[in-house]
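So the structure is just underneath, and the comments pick up after that.
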Amino acid sequence: MTEHHSTHSPHPDRCARPDPIAELPDGSIVRHPVASDHPGLQVALGDWWGGLGGDAGALQRRLLVPRLFLQHFTGTSFLVERADRTLRAFLIGFLSQSEPGTAYIHFVGVHPEERRAGLGSALYGHFFAAARAAGRTHVRCITSPTNLNSVAYHTRMGFRMEPGDHTLDGLPVHRDYDGPGLDRVSFVREL
């Protein structure tokens, strides 16, 4: 089903994007984010990880999704909302300017009550379709080697782990990838 927002939307800048909104089986919708979604995403980044890392962890997650992503990468980023506009999931992604065949998934979150409901898979599917439409041949992303749920999820989604410079608990790890002590597992998936 396709829906367009009228000028009476509670978020006026949503009207600027006439993109269709896809319905999910549970009545939720998928749409591209806009700048006015930033405060809601910031709340989600603080709340949806169950206190992981305490206040410092919540701040670190918030800093990873600045408003610029909702201003300059909206065509390749997606939100899932309930009919009442309650945020349930999001994917922030972009097309690489340096590697013409690459699309990159920067950050994904699913509300704890919605995990295993297919929202993440739906968002990845929308991103893969957008990347293919832009002529991209593969998707890259990273995760922390301690985030075993993310490692398992990406493996199930068809991503393969790229070789690292170190092995930790059987995982190929890139040491200090995002700075001292910020090791990452790097993934790639062909489209």
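The first residue in the sequence is number 1, and the count goes up from there.
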What orientation do F128 and Y124 show, parallel under 30°, tilted 30 to 60°, or perpendicular over 60°? perpendicular

Whether H106 and F94 hold their rings parallel, tilted or perpendicular, with breakpoints at 30° and 60°: tilted

Checking the side chain of R140 only, and the main-chain atoms of S186 only, is there a donor and an acceptor separated by less than 3.5 Å? no

Whether H174 side chain and P163 backbone form a donor-acceptor pair below 3.5 Å: yes

Do L63 and L70 land in one hydrophobic cluster if side-chain heavy atoms of ILVMFWY residues count as linked below 4.5 Å? no

Are there more than 12 heavy atoms of other residues, nucleotides or ligands under 6.0 Å from atom CZ of R116? no

Count the heavy atoms belonging to other residues, nucleotides or ligands that lie under 6.0 Å from CD of Q97, then report whether that count exceeds 12. no

Take Q60 and L182 through the test side chain to side chain contact (heavy atoms under 4.5 Å, CB included) and record every step on the way to the result. CA-CA 12 Å; Q60 184 181 41; L182 299 173; 4.2 Å; yes

Check against side chain to side chain contact (heavy atoms under 4.5 Å, CB included), D178 and I142: CA-CA 10 Å; D178 278 329; I142 60 170; 3.5 Å; yes

Testing the basics here: between S150 and T143, what is the closest heavy-atom pair and its distance to 0.1 Å? OG-OG1, 2.9 Å

For P33 and F78 the tightest heavy-atom approach is CD-N, 3.8 Å

Group every Ile, Leu, Val, Met, Phe, Trp and Tyr by side-chain heavy-atom contacts under 4.5 Å, then state whether L91 and V43 land in the same group. no

Should L87 and D37 count as side-chain neighbours, where that means a heavy-atom distance under 4.5 Å? no

Taking the side chain as every heavy atom from C-beta outward, state whether E162 and P172 have any atom pair closer than 4.5 Å. no

When rounded to the nearest 0.5 angstrom, what distance separates CG in L79 from NE2 in H126? 11.5 Å

Donor-acceptor pair, side chain of R136 and main chain of P100, under 3.5 angstrom: yes

Straight-line distance of R160 CZ to R189 CZ, nearest 0.5 Å: 12.0 Å

Kindly assign one of parallel, tilted or perpendicular to the pair H111 and W48, based on the angle between their ring planes and the thresholds 30° and 60°. perpendicular

With heavy-atom distances below 4.5 Å as the criterion, would you say the side chains of Y153 and N147 are in contact? no

Check whether H38 reaches the backbone of V65 with its side chain - one donor and one acceptor, N or O, closer than 3.5 Å. yes

Measure across L119 and E114 and return the closest heavy-atom pair with its distance rounded to 0.1 Å. CD1-CB, 3.5 Å

When rounded to the nearest 0.5 angstrom, what distance separates CZ in R61 from CD in Q42? 11.0 Å

Close side-chain approach of V80 to V30, heavy-atom, < 4.5 Å: yes

Give me the ring orientation class for F187 and F159: parallel if the planes are under 30° apart, tilted from 30 to 60°, perpendicular past 60°. perpendicular

May I ask whether M161 and V188 are part of the same hydrophobic cluster, defined by side-chain heavy atoms of I, L, V, M, F, W, Y residues being less than 4.5 angstrom apart, directly or through others? no

Candidate pair I29 and R85, rule side chain to side chain contact (heavy atoms under 4.5 Å, CB included), full reasoning: CA-CA 9 Å; I29 56 172; R85 301 232 183 260; 4.0 Å; yes

Working to the nearest 0.5 angstrom, can you tell me the gap between T76 OG1 and F69 CZ? 9.5 Å

Measure the spacing between CZ of R184 and OG of S144 and express it to the nearest 0.5 Å. 5.5 Å

Beyond-backbone contact of F107 with S77, side-chain heavy atoms, under 4.5 angstrom: no

Taking all non-hydrogen atoms of both residues into account, name the closest pair between L95 and A103 and its distance. CD2-CB, 4.0 Å

Verdict with supporting geometry, T102 and S96, side-chain hydrogen bond (donor to acceptor under 3.5 Å, both in side chains): CA-CA 6 Å; T102 300; S96 174; 5.3 Å; no

So, for L191 and A131, which heavy atoms are closest and what is the spacing to 0.1 Å? CD1-CB, 3.6 Å

About how many Å separate CG of L41 and CG of L64, when rounded to the nearest 0.5 Å? 12.5 Å

Check the pair D176 / D183 against side chain to side chain contact (heavy atoms under 4.5 Å, CB included), numbers first and verdict last. CA-CA 5 Å; D176 300 331; D183 301 342; 3.9 Å; yes

Treating Ile, Leu, Val, Met, Phe, Trp and Tyr as nodes and any side-chain heavy-atom pair under 4.5 angstrom as an edge, say whether W49 and L59 lie in one connected cluster. no

Donor-acceptor pair, side chain of T86 and main chain of R82, under 3.5 angstrom: no

